[in-house]
A.B. asks: 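Quick one: structure below, then a few questions.
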Amino acid sequence: MVAEAVYETPDTTTLELFTGNDHLDYKPGHFLTIDPHQFEALERFTSFLEDLKGKREPPRAYSMASAPHEKYLAVTIKEERYASGATKYPPLLSPLLVKNIVRGMRLVITGFTGPYTLPADISSKTDHIVHVCAGSGSVPNFSMIKFALAHHPAIRHTLVYSNKMWADVIFRADLAKLAAENPESGDFEPTSGHPAPGRDAGG
Ligand SMILES: Cc1cc2nc3c(=O)[nH]c(=O)nc-3n(C[C@H](O)[C@H](O)[C@H](O)COP(=O)(O)OP(=O)(O)OC[C@H]3O[C@@H](n4cnc5c(N)ncnc54)[C@H](O)[C@@H]3O)c2cc1C
């Protein structure tokens, strides 16, 4: 059940999920999947796109934004756009998850899996991790950073994170808070390469 929908940026929402007493056995970096067929509101679009593409629409993968030691389970979804002439089909699931899911709604998730995880013995391998991310690609790394700060405090983190605009930076306040709470583990220095006129160059 959706316990909270947190609007991170204009096109990105974090869904905090309440899963009852289920044991949440996942690693930082793992993803879950959400099958679009479960949403009645998408039924026509799903069938139409399946006819056009000639194949069944697969479940979509979403990395966990939460870390295993945290009380809640969360995924963070960025809305895909349809650009006339550039994208082949309109995106199916992400617009619904970002804009139309509200607290109390129920959805079926499947998980957890994926090879992109923080190894359990990471402390014996390195004392500095450089995370290189763009857009919603920061989601699994956000989970890894939170988990590593709690369980491997000797490791420093450098996050190189690219976005089109400052307003697109997901977890900006959370990252600044983590950096302030863990001054030994990393520097938080938002920088802007070439801010275009009219864009928010703050930070
Ligand atoms: C391991 C993994 C983790 C992920 N984690 C996240 C995450 O944390 N957050 C997040 O926001 N996203 C994540 N994603 C992306 C996510 O799974 C979806 O791909 C994304 O939300 C778009 O889904 P959609 O249904 O909205 O769009 P889709 O309907 O899948 O369409 C997306 C684009 O693909 C094109 N397209 C679709 N089908 C075809 C086709 N048959 N031929 C040609 N072009 C096609 C469409 O035109 C459109 O431009 C992850 C993906 C993977 C694989």
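Throughout, numbering of the chain's residues begins at 1 and tracks the sequence. Counting starts at 1 for both ligands and their atoms, in listed order.
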A.B. asks: If the cut-off is 4.0 Å to any non-hydrogen atom of Ser94, which atoms of ligand 1 fall inside it?
C.D. replies: 21 (O), 24 (P), 25 (O), 26 (O)

A.B. asks: Will you find, in the side chains of Asp11 and Thr9, an N or O donor that is under 3.5 Å from an N or O acceptor?
C.D. replies: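 Yes.
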
A.B. asks: What protein heavy atom sits nearest atom 43 (C) of ligand 1, and how far off is it?
C.D. replies: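 Nearest neighbour among protein heavy atoms for atom 43 (C) of ligand 1, to 0.1 Å: Lys88 CD, 3.6 Å.
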
A.B. asks: Minimum heavy-atom separation for Tyr26 and Ser66, please, with both atom names.
C.D. replies: OH-OG, 2.8 Å

A.B. asks: Tell me, which protein residue and heavy-atom name are nearest atom 3 (C) of ligand 1, and how many Å apart are they?
C.D. replies: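 Residue, atom and distance for the closest contact: Ser63 OG, 3.5 Å.
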
A.B. asks: Would you indicate whether the side-chain heavy atoms of Tyr62 and Leu93 approach each other to under 4.5 Å?
C.D. replies: yes

A.B. asks: Does Ile77 reach the side chain of Ile101, with side-chain heavy atoms less than 4.5 Å apart?
C.D. replies: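 No, side chains not in contact.
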
A.B. asks: For atom 37 (C) of ligand 1, which of Lys55, Lys53, Lys78 has the closest heavy atom?
C.D. replies: Lys53

A.B. asks: With a 4.5 Å heavy-atom cut-off, do Glu70 and Met64 have their side chains touching?
C.D. replies: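 No, every pair of side-chain atoms sits at 4.5 Å or beyond.
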
A.B. asks: More than 12 heavy atoms of other residues, nucleotides or ligands under 6.0 Å from CD of Glu181: yes or no?
C.D. replies: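 Yes, CD of Glu181 has more than 12 neighbouring heavy atoms, counting only those of other groups under 6.0 Å.
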
A.B. asks: Is there a path from Leu107 to Leu92 through hydrophobic residues (I, L, V, M, F, W, Y) whose side chains come within less than 4.5 Å of each other?
C.D. replies: yes

A.B. asks: Distance to 0.1 Å, residue and atom name: give those for the protein heavy atom nearest to atom 49 (O) of ligand 1.
C.D. replies: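 For atom 49 (O) of ligand 1, the nearest protein heavy atom comes out as Thr87 CG2, 3.1 Å.
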
A.B. asks: Among all protein non-hydrogen atoms, which one is nearest to atom 22 (C) of ligand 1, and what is the separation to 0.1 Å?
C.D. replies: Glu80 CG, 3.4 Å

A.B. asks: With atom 42 (N) of ligand 1 as the reference point, say which of Phe142, Tyr89, Phe45 has the nearest heavy atom.
C.D. replies: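 Checking each option, the heavy atom nearest atom 42 (N) of ligand 1 is found in Tyr89.
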
A.B. asks: Note the single closest protein heavy atom to atom 1 (C) of ligand 1, along with its residue, its atom name and the distance in Å.
C.D. replies: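 Going atom by atom, the protein heavy atom closest to atom 1 (C) of ligand 1 ends up being Phe31 CD2, 3.5 Å.
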
A.B. asks: Do any heavy atoms of Ala83 fall under 4.0 Å from ligand 1?
C.D. replies: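 Outside the 4.0 Å threshold, so no.
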
A.B. asks: When you measure from atom 4 (C) of ligand 1 to each heavy atom in Ala61, Gly135, Gly29, Ala86, which option holds the nearest one?
C.D. replies: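 When every heavy atom of Ala61, Gly135, Gly29, Ala86 is considered, Ala61 comes closest to atom 4 (C) of ligand 1.
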
A.B. asks: With a 4.5 Å limit on heavy-atom distance, are the side chains of Val139 and Phe31 in contact?
C.D. replies: no

A.B. asks: Given the protein's heavy atoms, is any one of them under 4.0 Å from atom 7 (C) of ligand 1?
C.D. replies: yes

A.B. asks: Decide whether Ile145 and Val169 are clustered together by the hydrophobic rule: side chain heavy atoms of Ile, Leu, Val, Met, Phe, Trp, Tyr closer than 4.5 Å, transitively.
C.D. replies: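 Per the 4.5 Å side-chain linkage, Ile145 and Val169 are co-clustered.
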
A.B. asks: Give the atoms of ligand 1, by number and element, whose distance to some non-hydrogen atom of Pro95 is under 4.0 Å.
C.D. replies: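 Counting from 1, the qualifying ligand atoms are 26 (O).
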
A.B. asks: Could you identify the single nearest non-hydrogen protein atom to atom 28 (P) of ligand 1 and state the distance to 0.1 Å?
C.D. replies: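 That would be Arg60 NH2, 3.5 Å.
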
A.B. asks: Does atom 34 (O) of ligand 1 have any protein heavy atom closer than 4.0 Å?
C.D. replies: no

A.B. asks: Kindly give the heavy-atom pair with the smallest separation between Ser136 and Lys78, and that separation in Å.
C.D. replies: CB-CB, 3.9 Å

A.B. asks: Number the atoms of ligand 1 from 1 as they appear, then name those within less than 4.0 Å of a heavy atom of Val139, with their elements.
C.D. replies: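 Those of ligand 1 that fall under 4.0 Å from Val139 are 8 (O).
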
A.B. asks: Ignoring hydrogens, just give me the one of Leu49, Thr76, Leu97, Ile77 whose non-hydrogen atom is nearest atom 9 (N) of ligand 1.
C.D. replies: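 Of the listed residues, Thr76 has the closest heavy atom.
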
A.B. asks: Please list, in number order, the atoms of ligand 1 under 4.0 Å from a heavy atom of Ser136.
C.D. replies: 9 (N), 10 (C), 11 (O), 12 (N)

A.B. asks: Pick one of side chain, backbone, both or neither for how Leu93 approaches ligand 1, counting any non-hydrogen atom pair under 4.0 Å.
C.D. replies: both

A.B. asks: Any nitrogen or oxygen of Leu92, main chain or side chain, under 3.5 Å from a nitrogen or oxygen of ligand 1?
C.D. replies: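 N/O-N/O distance below 3.5 Å exists for this pair.
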
A.B. asks: Does CZ belonging to Phe45 count more than 12 external heavy atoms closer than 6.0 Å?
C.D. replies: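 Open.
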
A.B. asks: Are Val98 and Val75 joined in one hydrophobic group, where the rule is that I, L, V, M, F, W and Y side chains link up if heavy atoms are under 4.5 Å apart?
C.D. replies: yes

A.B. asks: Of all the non-hydrogen atoms in the protein, which one sits nearest to atom 31 (O) of ligand 1, and at what distance?
C.D. replies: Pro91 CA, 3.9 Å

A.B. asks: Can you tell me how far the OG1 atom of Thr19 sits from the CG atom of Leu73, to the nearest 0.5 Å?
C.D. replies: 6.0 Å

A.B. asks: If you have a sec, work out which protein heavy atom is nearest atom 20 (C) of ligand 1 and how many Å separate them, to one decimal?
C.D. replies: Tyr62 OH, 3.8 Å

